[in-house]
Amino acid sequence: MQEKDTLTPEELEAAAMAAANNDTDDTIEVKVADADETAEVMAELTDADKLAQAEAEIAELKDKLLRAVADHTNYRRQMQKQMADLILNGGKKVIEVVLPVLDDMERAQDNIVKSDDIAVAREGLDMIFQKLAYTLELQGLHKMDTPTAATPDKEMAFDTDFHEAVAILPMGEDKKDKIIDTVQAGYMLNDKVLRHAKVVVGA
């Protein structure tokens, strides 16, 4: 049987529709493949961005940590220097205010050598002592007012926070645990005990 050289209109239409269907399927497959590849690329870029961001944050935190350590080291060195200066020069202020009293003592010493008047020398020494006591009082030093042999009528109970008993004497019930005499004066620096008073206590 001889093949037909020409196609009928119906056959032409069917062939065109088949070709169109095949082209559409190929296009869809290509588009789907392109979308999948784009998603993978986007996912890779996102991970890279996250990694870069994490590395940047780590670098920033490391820089802050190093700065904090350096600041702490500098602060510690500064405090050590200040403490050393305080230990070496802490008494500078007191020495400066006491120097005029020392000058007075030197002048009094010269006058004692030049003069035989004991009364004048004693008066000069009393003035220097008062000046020294006043100067130290301005620095916060205060003498404890404890009973002495010269003030037997003054009564004060023995207190270990301020007094140190160096002797105990039997004095009767009315003098029990009371200060009888002061062997060495005690001093307060502002509100703190600088030196306990050494006292004799009745028993």
Side-chain angles (χ1 to χ4, degrees), residues 64-203:
K64 289 182 178 179
L65 179 61
L66 292 175
R67 290 179 182 272
V69 171
D71 290 342
H72 177 70
T73 301
N74 292 334
Y75 173 76
R76 186 175 59 184
R77 289 176 180 172
Q78 183 179 2
M79 291 302 297
Q80 289 175 346
K81 182 180 178 181
Q82 290 179 357
M83 288 297 295
D85 291 342
L86 182 62
I87 292 172
L88 293 175
N89 304 313
K92 180 181 178 181
K93 181 179 179 182
V94 175
I95 293 174
E96 287 176 347
V97 298
V98 171
L99 281 178
V101 180
L102 182 62
D103 295 336
D104 290 343
M105 292 181 68
E106 289 180 350
R107 283 190 289 268
Q109 188 178 28
D110 292 338
N111 291 332
I112 290 173
V113 172
K114 295 176 183 178
S115 175
D116 294 333
D117 193 341
I118 301 299
V120 173
R122 181 180 297 174
E123 183 181 356
L125 289 175
D126 287 341
M127 292 179 62
I128 293 173
F129 175 77
Q130 292 175 7
K131 182 175 181 179
L132 176 61
Y134 177 72
T135 300
L136 294 176
E137 186 176 345
L138 292 178
Q139 303 304 311
L141 184 70
H142 301 279
K143 184 179 179 180
M144 293 183 188
D145 187 16
T146 52
T148 64
T151 58
D153 295 334
K154 184 176 183 178
E155 289 191 358
M156 180 179 291
F158 175 74
D159 188 344
T160 55
D161 289 337
F162 302 96
H163 313 132
E164 177 185 348
V166 294
I168 299 177
L169 296 178
M171 297 293 294
E173 193 64 28
D174 60 332
K175 294 294 185 178
K176 185 177 181 179
D177 295 330
K178 300 291 180 61
I179 296 175
I180 307 303
D181 193 9
T182 301
V183 177
Q184 186 180 68
Y187 286 91
M188 303 284 295
L189 183 59
N190 297 318
D191 296 329
K192 294 183 178 180
V193 175
L194 180 64
R195 187 178 74 183
H196 288 73
K198 294 182 179 181
V199 297
V200 178
V201 182

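Here, residue 1 is the first one in the sequence, and each next residue gets the next number.
- Other residues, nucleotides and ligands contribute more than 12 heavy atoms inside 6.0 Å of the CD atom of Glu106.
- In this structure, CD1 in Ile95 is found 10.5 Å from CG in Leu102, a value given to the nearest 0.5 Å.
- Residues Thr146 and Lys154 come closest through the heavy atom pair N-NZ, 4.4 Å.
- Minimum heavy-atom separation, Leu141 to Leu189: N-CD1, 4.1 Å.
- Here the closest heavy-atom approach between residue Asn190 and residue His142 is recorded as O-CD2, 4.5 Å.
- Met144 contributes atom CE, which lies 10.5 Å from atom OG1 of Thr182 (distance to the nearest 0.5 angstrom).
- If you take OG1 on Thr135 and CD on Glu96, they are separated by 13.0 Å, rounding to the nearest 0.5 Å.
- To the nearest 0.5 Å, the span separating NZ on Lys64 from CG on Leu66 amounts to 13.0 Å.
- Nearest heavy atom pair, residue Arg195 against residue Ala185, reads NH2-O, 2.7 Å.
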(request) Kindly indicate, with the supporting measurements, whether the criterion side-chain contact (heavy atoms from CB on, under 4.5 Å) is fulfilled by Val193 and Asp161. (result) CA-CA 8 Å; Val193 175; Asp161 289 337; 6.0 Å; no
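- Between Arg107 and Asp110 there is no salt bridge, since none of the side-chain N atoms of the basic residue sits less than 4.0 Å from a carboxylate O of the acidic one.
- In this structure, His163 contributes its side chain and Asp159 its backbone to a donor-acceptor pair below 3.5 Å.
- In Gln184, the CD atom is crowded: over 12 heavy atoms of neighbouring residues, nucleotides or ligands sit closer than 6.0 Å.
- Other residues, nucleotides and ligands contribute more than 12 heavy atoms inside 6.0 Å of the CG atom of Asp71.
- Counting non-hydrogen atoms of neighbouring residues, nucleotides and ligands closer than 6.0 angstrom, the CE atom of Met156 exceeds 12 such neighbours.
- Checking Asp181, Val199, Ile179 one by one against Pro147, the side chain to side chain contact (heavy atoms under 4.5 Å, CB included) holds for a single residue, Ile179.
- Here the straight-line distance linking atom CD1 of Ile180 with atom CD1 of Ile168 works out to 11.0 Å at 0.5 Å rounding.
- Around CD of Glu123, the count of heavy atoms belonging to other residues, nucleotides or ligands within 6.0 Å does not exceed 12.
- For the atom pair CD of Glu164 and CZ of Phe158, the computed distance is 8.0 Å after rounding to the nearest 0.5 Å.
- Partners of Lys176 by side chain to side chain donor-acceptor pair (under 3.5 Å), not counting sequence neighbours: none found.
- Listed here is the closest heavy atom pair of Asp177 and Val201: CA-CG1, 3.9 Å.
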